[in-house]
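Working notes for the structure below.
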Amino acid sequence: MSAQTGLYIGALLTIMAWSFLYKENPFFRFTEHLYIGLVTAYGVGYTYHNNLVPIVTKDIVQKGGYSLIIPAVVGLLIYARYVRGWVWLSRIPMAFWIGYGAGYSLAFTPAVFMKQIFDSFIRLNTINNIIYFLVVVTAVMFFIFTVKKESGPMKWGHYAGRYGLMIAFGSAFGSITMAYLSLIIGRLGYILRDALHLIK
Amino acid sequence: MQKELPLIIVFVSGLVVMLAKFFNFWNLPALVTTLDKWSIVMSTFAMLMGMIELSRLHVNNIRRRRVNWTYSIVTLLAIYLYLPFVLAQTPDGPTPKWMVANVSQPIGSAIYAILGFYIVSAAYRSFKARNLEAAILMIAAVLIMLGQAPIGETIWSGFPKVSDWILTVPNSAGMRGINIGAYIGIFATSIRVLLGLERSWTGSGS
């Protein structure tokens, strides 16, 4: 199929997906279900070619890493959930991932976490640095839920933290809106410029 | 045994990673590299899980004639007609490449862009300065948008500078506060998971 035909199909599918803005309709549902199916198939194919084949052919067969057969078998245990009476075996690979993930975050996150804390204690020699420090401290105070905040510094820190967080959320909202607008403009460019040649 | 074994595996695998990070004996750091590889191998061999579950869901939709079951046929056809091409040709083959460029990517971008319309719509509906917090949120968002859009600089050349200042000082500081809070949450949850206090992942409740 020619490149132009592909662009027509892409533009048509984009319009079908955007038809959801009017209301939920069969065109949107079709594109949504088509997308899910295609992405799933692509994901399986991608994992097969980029992970499974190299592990089996290179790591296990060529390099002789036969110990990798152990995690391969453990990974296959996840399918035990389809065998009545053996469902509990499917929790073993899950347990490894969860334990490994939890241990990893406890062991390796502090390096990033502590650096963020250390870097927050900046020299209070400019207005910007003072504002920065105060916003960080008060935002953290806002997230302390184990101490009563009805009076004293905790109360005022909590209030100030809320305003600091509102600025952060507002600017995040503004940035995201701009990013999405760029995406919408990009899609409109795809339809009007690339596919239909209505604009240059 | 059926309940305890997964919890023991959680504890041991987590403990090994932590010991390897903080101590340097019994060649533990090398063990983490091995576990890392094991984790990838295990995920790879579990790759069909998502496809099987999705297929089961849609096959059941069709069998039981649930609402909109006809669209389940579309999903199943898309999976099982497209998969042989990706497997036979590799993801960089001509058919997968064409499908990604002209079907998957346009639909994905379009659906993702729909959120943009909803964000603008939500902004229109929610940007009412009902109280001080809402006013601050609205002003920050408007200033950021004016600073990043060309029209903002046309109205007043100072908007980009104000926008930059908001992003680098209060926004950055607020996000750091949020991150610190989130990290503490991650630590607490990780400890609960390792100690077996958080068991929702087993499907048996906590």
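In what follows, chains are A, B, ... by sequence order, proteins preceding strands, each numbered from 1. A quick note: this is a predicted structure, and the numbers were derived from the prediction, not measured.
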pair [X]-[Y]: side-chain heavy atoms closer than 4.5 Å:
X: B/Ile186; Y: A/Phe113; value: no
X: B/Asn179; Y: A/Val112; value: no
X: B/Thr75; Y: A/Leu34; value: no
X: A/Gln116; Y: B/Met175; value: no
X: B/Lys21; Y: A/Tyr104; value: no
X: B/Pro6; Y: A/Met94; value: no
X: B/Ser109; Y: A/Thr14; value: no
X: A/Phe169; Y: B/Asn171; value: no

Problem - Where B/Met42 and A/Pro71 come nearest, the two heavy atoms and their spacing - result: CG-O, 3.0 Å

Practice task
Quick one: closest heavy-atom pair of A/Ser120 and B/Arg176, and the distance?
Solution key: OG-CD, 3.0 Å

Exercise for the section: Verify, without hydrogens or angle tests, whether A/Tyr79 (side chain) and B/Leu48 (backbone) share a donor-acceptor contact under 3.5 angstrom. Expected result: yes

Practice task
Ignoring hydrogens and angles, tell me if any N or O in the side chain of A/His49 forms a donor-acceptor pair with the backbone of B/Val86 under 3.5 Å.
Solution key: yes

Can you say whether [X] sits under 4.5 Å from chain A via the side chain, the backbone, both, or neither, judging by heavy atoms?
X: B/Val12; result: neither
X: B/Ser43; result: both
X: B/Ile191; result: both
X: B/Phe22; result: side chain
X: B/Ile119; result: both
X: B/Val193; result: side chain
X: B/Met99; result: side chain
X: B/Asp92; result: neither
X: B/Leu87; result: both
X: B/Ala101; result: backbone
X: B/Leu5; result: side chain

Option that, when pairs with chain B are counted at under 4.5 Å, heavy atom only, ranks first among [options]:
options: A/Gly101, A/Gly10, A/Ala139; answer: A/Gly10
options: A/Ser175, A/Ser182, A/Pro93; answer: A/Ser175
options: A/Phe28, A/Phe96, A/Phe20, A/Tyr46; answer: A/Phe96
options: A/Val136, A/Asp119, A/Ile78, A/Leu106; answer: A/Leu106
options: A/Ala11, A/Ser67, A/Pro110; answer: A/Pro110
options: A/Ile98, A/Ile92, A/Thr31; answer: A/Ile98

Of the backbone (N, CA, C, O) and the side chain (C-beta and beyond), which part of [X] lies under 4.5 Å from a heavy atom of chain B, both, or neither?
X: A/Arg29; value: both
X: A/Leu68; value: both
X: A/Tyr82; value: side chain
X: A/Tyr163; value: both
X: A/Ile9; value: both
X: A/Leu134; value: neither
X: A/Leu165; value: side chain

Practice task
Report yes if the distance between the aromatic ring centroids of B/Tyr112 and A/Tyr180 is under 6.0 Å, otherwise no.
Solution key: yes

Practice task
Could you tell me if the ring centre of A/Tyr100 sits under 6.0 Å from that of B/Trp38?
Solution key: no

Mind checking the [atom1]-[atom2] spacing from [X] to [Y]? Nearest 0.5 Å is all I need.
X: A/Glu32; Y: B/Ile111; atom1: CD; atom2: CD1; answer: 6.0 Å
X: B/Leu132; Y: A/Tyr159; atom1: CG; atom2: OH; answer: 11.5 Å
X: A/Ile55; Y: B/Ile40; atom1: CD1; atom2: CD1; answer: 7.0 Å

Handout entry: Top contributor to chain A interface from B/Gly14, B/Pro106, B/Gly174, B/Gly177 [non-hydrogen pairs under 4.5 Å]
Key = B/Pro106

Handout entry: B/Met138/A/Met166 under side-chain contact (heavy atoms from CB on, under 4.5 Å): CA gap, chis, key distance, verdict
Key = CA-CA 9 Å; B/Met138 184 187 78; A/Met166 284 300 139; over 6 Å; no

Exercise for the section: Apply side-chain contact (heavy atoms from CB on, under 4.5 Å) to A/Thr109 and B/Phe187, showing your working. Expected result: CA-CA 9 Å; A/Thr109 324; B/Phe187 288 150; 4.1 Å; yes

Handout entry: From CA spacing to verdict: side-chain contact (heavy atoms from CB on, under 4.5 Å), A/Phe143, B/Ile184
Key = CA-CA 10 Å; A/Phe143 287 111; B/Ile184 292 169; over 6 Å; no

Practice task
Return yes if a side-chain donor-acceptor contact under 3.5 Å exists between B/Ser172 and A/Tyr132, otherwise no.
Solution key: yes

